[in-house]
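For reference, the structure is listed below as structure tokens.
Below, read A as the first sequence line, B as the second, and so on, with proteins coming before strands; counting in each chain starts at 1.
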Number of protein chains: 2
Amino acid sequence: MVTEPVRPLRRNEIRQQNETLILQAAEKVFAEAGFGGATMQLIADLAGLPKANLHYYFATKEDLYRQVVQNIFEIWLHAADSMDNAPGPIEGIGAYIDAKMEISRRHPDGSKVWASEVMHGAPVIQDYLETTLRDWTTGRAALIQRWIDEGKMAPINPEHLLYMLWATTQHYADFGHQIETLNAGPLTDAQWQAAKASVKAMILRGIGAI
Amino acid sequence: MVTEPVRPLRRNEIRQQNETLILQAAEKVFAEAGFGGATMQLIADLAGLPKANLHYYFATKEDLYRQVVQNIFEIWLHAADSMDNAPGPIEGIGAYIDAKMEISRRHPDGSKVWASEVMHGAPVIQDYLETTLRDWTTGRAALIQRWIDEGKMAPINPEHLLYMLWATTQHYADFGHQIETLNAGPLTDAQWQAAKASVKAMILRGIGAI
DNA sequence: CTTAACCTTGACCATACGGTCAGGAAAAGA
DNA sequence: TCTTTTCCTGACCGTATGGTCAAGGTTAAG
């Protein structure tokens, strides 16, 4: 095997590289074991670093966990952009479902960490729920209400629609293991497409947009 | 305060009483802290028993946890009965949604424990998934397919419909904290009824049963 | 070259946890 | 009543975990 001589890394690069390395490992371990079941040693092993090095970059286990959760929350919020600037529910909600299904597929661990955090009473991100998420929710609920008023969809309670969107899309990540067991294996590309199509068809028809 | 003289408990009663006491406490603690975060001491305190007494009834933490998960699974399966013997999807799926929403309301802790178990790869109930749950699923999928063939609903993929039913109803338990935060307080009776109605309306219309 | 700032890590510590056990109390059986 | 079985519990134990630290290495700045 030929290993090309590696230029010594600069300070910033080292820091950046190790932090993301640790965060990736942490996300996986937290997802698989939960906060209480995760150990710094497991994360360190997965990251390929000595445990003491983790504590150099992240003072405590909570700090590391908090970072992981916040990262996920960012990704979450970005998916929302697909809903804006849409002429109606078919495009807006359709795109939102696509985006969230894609996140469930690409970041199942993040989704699990988030679910776990919320299930345990959101000890770390309660303030986010009360500020950012609440604002986001009321904004989108208003958007949905506008579509209803314009006769573009049936008069559904916007909040419950949002809950259904979250629940259905995230289920493919959070309960992925159950789905894989029932499916006798991971979903194929085609099956993911079918899932997306099914969800979109059911919800868009369910809200009277089709 | 008047405390009536209590007849000394018989052996069987003691055993039964303490076991359910422990199981209830365990369900709550496991739901709030996850398996890894839960401690036997916390469960003992909540049950009002010394820790050593827990180990008298349940040899290990895993044994106790396994019991909790199995109990939930039983409740889960019973809700399925509402789906059978229904003339069509409106009655069958409608009743199933009602039943599952009621479980989410009455047994939110159980739902969380189940979700946590599945999210972490179902280390304890993998065999249930592969046997009981798979059989149940294929059976109901066949039932749904029959309704489709009889023209009682649109040609939806039955598996994805089941996932949607599970996801949507359980979301009200598993993400109850998030919902309560956005709602600025627990759902009232009326709000629960509205939630049920919304879910039923969206899904039943979504599958073309209305 | 010298110095300061940053990075790395093996060894170590205090604590908390799951689990054990011996010995006693209470009920059931003979 | 006497014996056996079941229940109860404080005290204890080994281990694993989060976190610390001091000493050494490496890069950047002066």
Side-chain angles (χ1 to χ4, degrees), chain A residues 5-69 113 116-117 120 123-124, chain B residues 5-30 32-69 113 116 120 123-124:
Chain A
V6 183
R7 170 178 62 79
L9 290 173
R10 305 200 177 276
R11 279 278 151 79
N12 291 345
E13 293 171 329
I14 289 181
R15 178 150 219 124
Q16 168 113 15
Q17 195 180 61
N18 280 345
E19 280 183 356
T20 62
L21 202 62
I22 293 168
L23 284 169
Q24 282 174 355
E27 179 176 291
K28 186 164 188 186
V29 173
F30 282 133
E32 284 174 0
F35 178 80
T39 72
M40 295 298 269
Q41 189 61 61
L42 251 98
I43 297 172
D45 292 348
L46 189 60
L49 295 172
K51 191 185 66 157
N53 211 346
L54 298 209
H55 282 100
Y56 174 73
Y57 287 102
F58 301 90
T60 68
K61 189 183 175 187
E62 266 102 359
D63 282 345
L64 178 51
Y65 175 74
R66 186 171 290 118
Q67 268 299 318
V68 170
V69 173
V113 174
S116 196
E117 163 71 6
H120 296 138
V124 160
Chain B
V6 183
R7 170 180 60 80
L9 291 172
R10 303 197 179 280
R11 278 278 153 78
N12 290 346
E13 292 171 329
I14 288 180
R15 176 148 221 126
Q16 168 112 17
Q17 196 181 60
N18 281 345
E19 280 183 354
T20 62
L21 203 62
I22 294 168
L23 284 169
Q24 283 174 355
E27 180 176 291
K28 186 164 189 186
V29 173
F30 282 134
E32 285 175 357
F35 179 81
T39 72
M40 295 299 268
Q41 189 62 60
L42 250 97
I43 298 171
D45 291 348
L46 190 60
L49 296 172
K51 192 185 69 162
N53 210 346
L54 298 209
H55 281 101
Y56 175 73
Y57 287 103
F58 300 90
T60 69
K61 189 183 175 186
E62 266 101 1
D63 282 346
L64 178 51
Y65 175 75
R66 186 172 289 118
Q67 268 299 316
V68 170
V69 173
V113 174
S116 195
H120 297 14
V124 160

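- Nearest heavy-atom pair, A:Thr39 versus A:Val29, reported as atom, atom and distance to 0.1 Å: N-CG1, 4.4 Å.
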Using residues 57-68 of chain A as the side-chain source, report each donor-acceptor pair under 3.5 Å to any protein atom, sequence neighbours left out, with the distance given to one decimal.
from    : atom 1 : to       : atom 2 : distance (Å)
A:Tyr57 : OH     : A:Asn18  : ND2    : 3.2
A:Thr60 : OG1    : A:Glu62  : N      : 3.4
A:Thr60 : OG1    : A:Asp63  : N      : 3.1
A:Lys61 : NZ     : A:Phe35  : O      : 2.8
A:Lys61 : NZ     : A:Ala38  : O      : 2.8
A:Asp63 : OD1    : A:Arg66  : NH1    : 3.3
A:Tyr65 : OH     : A:Glu117 : OE1    : 2.6

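- For the pair A:Asn18 and C:dT8, the criterion of a side-chain N or O lying under 4.0 Å from OP1 or OP2 is met.
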Fill in the blank from the handout: Heavy-atom contacts, protein to nucleotides 11-25 of chain C, under 4.0 Å, summarised as B (base), S (sugar-phosphate only) or - (none) per nt, yield ------SBBBB----
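- Considering all non-hydrogen atoms of both residues, B:Val113 and B:Glu27 come closest at CG2-O, 3.7 Å.
- In this structure, the separation between CD on A:Gln17 and CD1 on A:Ile14 is 8.0 Å, given to the nearest 0.5 Å.
- One finds a side-chain N or O of A:Tyr57 lying less than 4.0 angstrom from the OP1 or OP2 phosphate oxygen of C:dT8.
- Protein atom CG of B:Leu54 is 14 Å distant from nucleotide atom C1' of D:dC7, rounded to whole Å.
- The 12-atom threshold is exceeded at CD of B:Glu19, counting heavy atoms of other residues, nucleotides or ligands nearer than 6.0 Å.
- OP1 or OP2 of D:dC7 sits under 4.0 Å from a side-chain N or O of B:Tyr56.
- Of the side-chain N and O atoms in B:Arg15, none sit less than 4.0 angstrom from OP1 or OP2 of D:dT6.
- The separation between B:Phe58 atom CZ and D:dC7 atom P is 13 Å, rounded to whole Å.
- The separation between A:Ile22 atom CD1 and C:dC7 atom C1' is 12 Å, rounded to whole Å.
- Here D:dC7 presents its P atom at 13 Å from CD of B:Gln17, a figure rounded to the nearest Å.
- The separation between B:Leu49 atom CG and D:dG10 atom P is 11 Å, rounded to whole Å.
- One distance of note links CD1 of B:Ile43 with CD1 of B:Ile22; it measures 9.0 Å at 0.5 Å rounding.
- In this structure, the CD1 atom of A:Ile14 is 7 Å from the P atom of D:dT27, given to the nearest Å.
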